[in-house]
There are 2 protein chains.
Amino acid sequence: MPRSLKTAEIEKNSHLDYFNIAVSVDCVIFGYDNKELKVLLIKSDLEEFTGLWSLLGDLVRLDEDIESAPYRVLKERTGLDDVYLDQVYTFGDLGRHPSGRVITTAYYSLIDIKHQLKLTHNELHWHKVNDIRKLAFDHKNILDRSLERLREQVMEHPIIFNLLPEKFSLRELQDLYQAILGVNLDRRNFRKKIAHKDWLLDLDEMENDVPHRPGKLYKAKTQFRKNPGKRKTNRAEARSLID
Amino acid sequence: MPRSLKTAEIEKNSHLDYFNIAVSVDCVIFGYDNKELKVLLIKSDLEEFTGLWSLLGDLVRLDEDIESAPYRVLKERTGLDDVYLDQVYTFGDLGRHPSGRVITTAYYSLIDIKHQLKLTHNELHWHKVNDIRKLAFDHKNILDRSLERLREQVMEHPIIFNLLPEKFSLRELQDLYQAILGVNLDRRNFRKKIAHKDWLLDLDEMENDVPHRPGKLYKAKTQFRKNPGKRKTNRAEARSLID
DNA sequence: CCAAAAGTGTTTCAACTACACCCATGC
DNA sequence: GCATGGGTGTAGTTGAAACACTTTTGG
């Protein structure tokens, strides 16, 4: 009963297992720091991929909904419990996993990199998304698709706040949009657009410790923060909240 | 080796199989006729779902990419070979299949209902999408998500022509958009918008057999018709073609 | 006083909406 | 000649883009 197989054990699959299809999830965990979009990767321990990094994934257990699996992976790897997750795509080409037939469903996740993570593995590191050229398996492809999806979602849906600390200035928000979209935005137009969307609460507080004129601080209206209502209803909720 | 298991045999899974996760694909096959959006369904042969209809699906084989599976299902069920397909979402809740643990990836497909289909099963019928209240398994949910996705795609991407015969009038095209989106569109604005997109070739031919002034006939520029280049590149191609 | 970013309004342009009349064909 | 849809243009509105100066703070 392969109930508690770990990713690191996939390669130990017996020949018998090889003749079944295994189902995994892979998490594209995005974070934001120092004006750069980052992704959390783990050093691959497969011989075929020595020196390469890979996404965090695991086999789906027999006793969990597929959507629970990425929450479990996040919890196990980072200690985080209440995160934004969205399914991206399912990848199932024949040769995508060297140890056998593994079909994987990719989820992307947005977390506040400053929430001191309890990283459970010392081979776990944040990488600048822009610097990544090659990953183990088809994970570069999965990353590209997830980033593409994130870019599609981020201007339309109030999800970006999950990448920021609770309080932030409009400049920080704009920098983050720019990091994700890879473009520069006009400050005045950006502020008008954000104001129009009515996603923010004005905290009547100011930044401090900045070496220039401090900006006002805002936070996201609570319904947009983290993962409102947990599993399954993500998409529908996010959608209804912006109508 | 469960290499050639058929959907209809899922329920025969042994207890041994029950303790594995099976992977299937389900096809939401859309067609258009008589100003109504239709979907191709098969009568469920599971006891639990007596009298209910279900989507066409099958287990993914060990020797095929996951994206090949829906093409194979389409080919087996309708005889069609070169169809538009797009992955929608992967559904994997614990209780979704009464015979065991089956995770399914949904694809939607757009086909010309008039291409006389070689329907391989006499319990296979077209149903008006608007009339469907209940389906076997979680297929109503899958249908709803697929329709939602089709609606998102159809104004932005040149895919709708796959639902029409090769030659069509602007009225037919508009009727089809209206059937999909569930709204009425202004004729003049619609024609301007379509003209602007530059998706059509003017055939310099007229309708005949219509009991009113005949309209001009158009066809989609060839790159938008059917499934250009087959599997895998669907999304990327569709996207690049509209830039 | 210098550097850095905060904050703010107007004009232009493109896209979308609403809306009405004459035309061509079949019957 | 009547019914049905074909075919077309304009005015108003809305959202996006371009663009520059003054203010506040820290150093």
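To find a chain, count down the sequence lines: A is the first, B the second, and so on, and within it residues start at 1.
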Check: How long is the line joining CD1 of A:Ile194 and C1' of D:dA16, in whole Å?
Finding: 14 Å
Notebook entry, point to check: Which of these nucleotides, D:dC19, C:dT17, D:dG5, is closest to any side-chain atom of B:Asn189?
Noted result: C:dT17
Next item on the list: For A:Asn184 and D:dC19, give me the distance from atom CG to atom P, rounded to whole Å.
Entry: 14 Å
Notebook entry, point to check: Parallel, tilted or perpendicular: which fits the ring planes of A:His125 and A:His127, with parallel below 30° and perpendicular above 60°?
Noted result: perpendicular
Check: What integer distance in Å separates B:Glu172:CD from D:dG6:P?
Finding: 9 Å
Margin query: Using whole Å, what does the distance between atom P of nucleotide D:dG6 and atom CD of B:Glu205 come to?
Written below: 17 Å
Next item on the list: Mind calculating the distance between CD (A:Gln174) and C1' (C:dG7) to the nearest angstrom?
Entry: 12 Å
Next item on the list: Confirm from the modelled atom types if A:Lys192 and D:dT14 form a donor-acceptor pair under 3.5 Å, side chain to base only.
Entry: no
Next item on the list: Starting from the 5' end of DNA chain C, give me the residue, A:Asp186 or A:Pro214, whose nearest nucleotide shows up first.
Entry: A:Pro214
Checklist line | Presence of donor-acceptor pair under 3.5 Å, side chain of A:Arg213 and base of C:dA5 | finding: no
Check: Between the base of C:dA6 and the side chain of A:Arg187, is there any donor-acceptor pair under 3.5 Å?
Finding: yes
Item checked: Nearest-angstrom distance from the residue atom CG of B:Asn208 to C1' of D:dG5 -> 16 Å
Notebook entry, point to check: Reckon B:Arg188 touches a base, only the sugar-phosphate, or nothing at all at heavy-atom distances under 4.0 Å?
Noted result: base
Next item on the list: Mind calculating the distance between CZ (A:Arg171) and P (D:dT23) to the nearest angstrom?
Entry: 21 Å
Margin query: Whether B:Asp198 and B:Lys221 form a salt bridge (side-chain N of Lys/Arg under 4.0 Å from carboxylate O of Asp/Glu) is what I want to check.
Written below: yes
Next item on the list: Rounded to the nearest angstrom, tell me the gap between atom NZ in A:Lys197 and atom C1' in D:dT14.
Entry: 14 Å
Margin query: Check A:Lys114 with A:Asp33, please: is the shortest side-chain N to carboxylate O separation under 4.0 Å?
Written below: yes
Which side-chain N or O atoms in residues 207-219 of chain A pair as donor and acceptor under 3.5 Å with protein atoms at least two apart or in another chain?
residue, atom, partner, partner atom, Å
A:Glu207, OE1, A:Arg171, NH2, 3.3
A:Glu207, OE1, A:Gly215, N, 2.9
A:Glu207, OE2, A:Arg171, NH2, 2.5
A:Lys216, NZ, A:Asp202, OD2, 2.6

Margin query: Counting only side-chain heavy atoms from C-beta out, which of C:dA5, C:dG7, D:dG7 sits nearest to B:Arg191?
Written below: D:dG7
Notebook entry, point to check: Got B:Thr78 and B:Leu40 here, is their nearest side-chain heavy-atom distance under 4.5 Å?
Noted result: yes
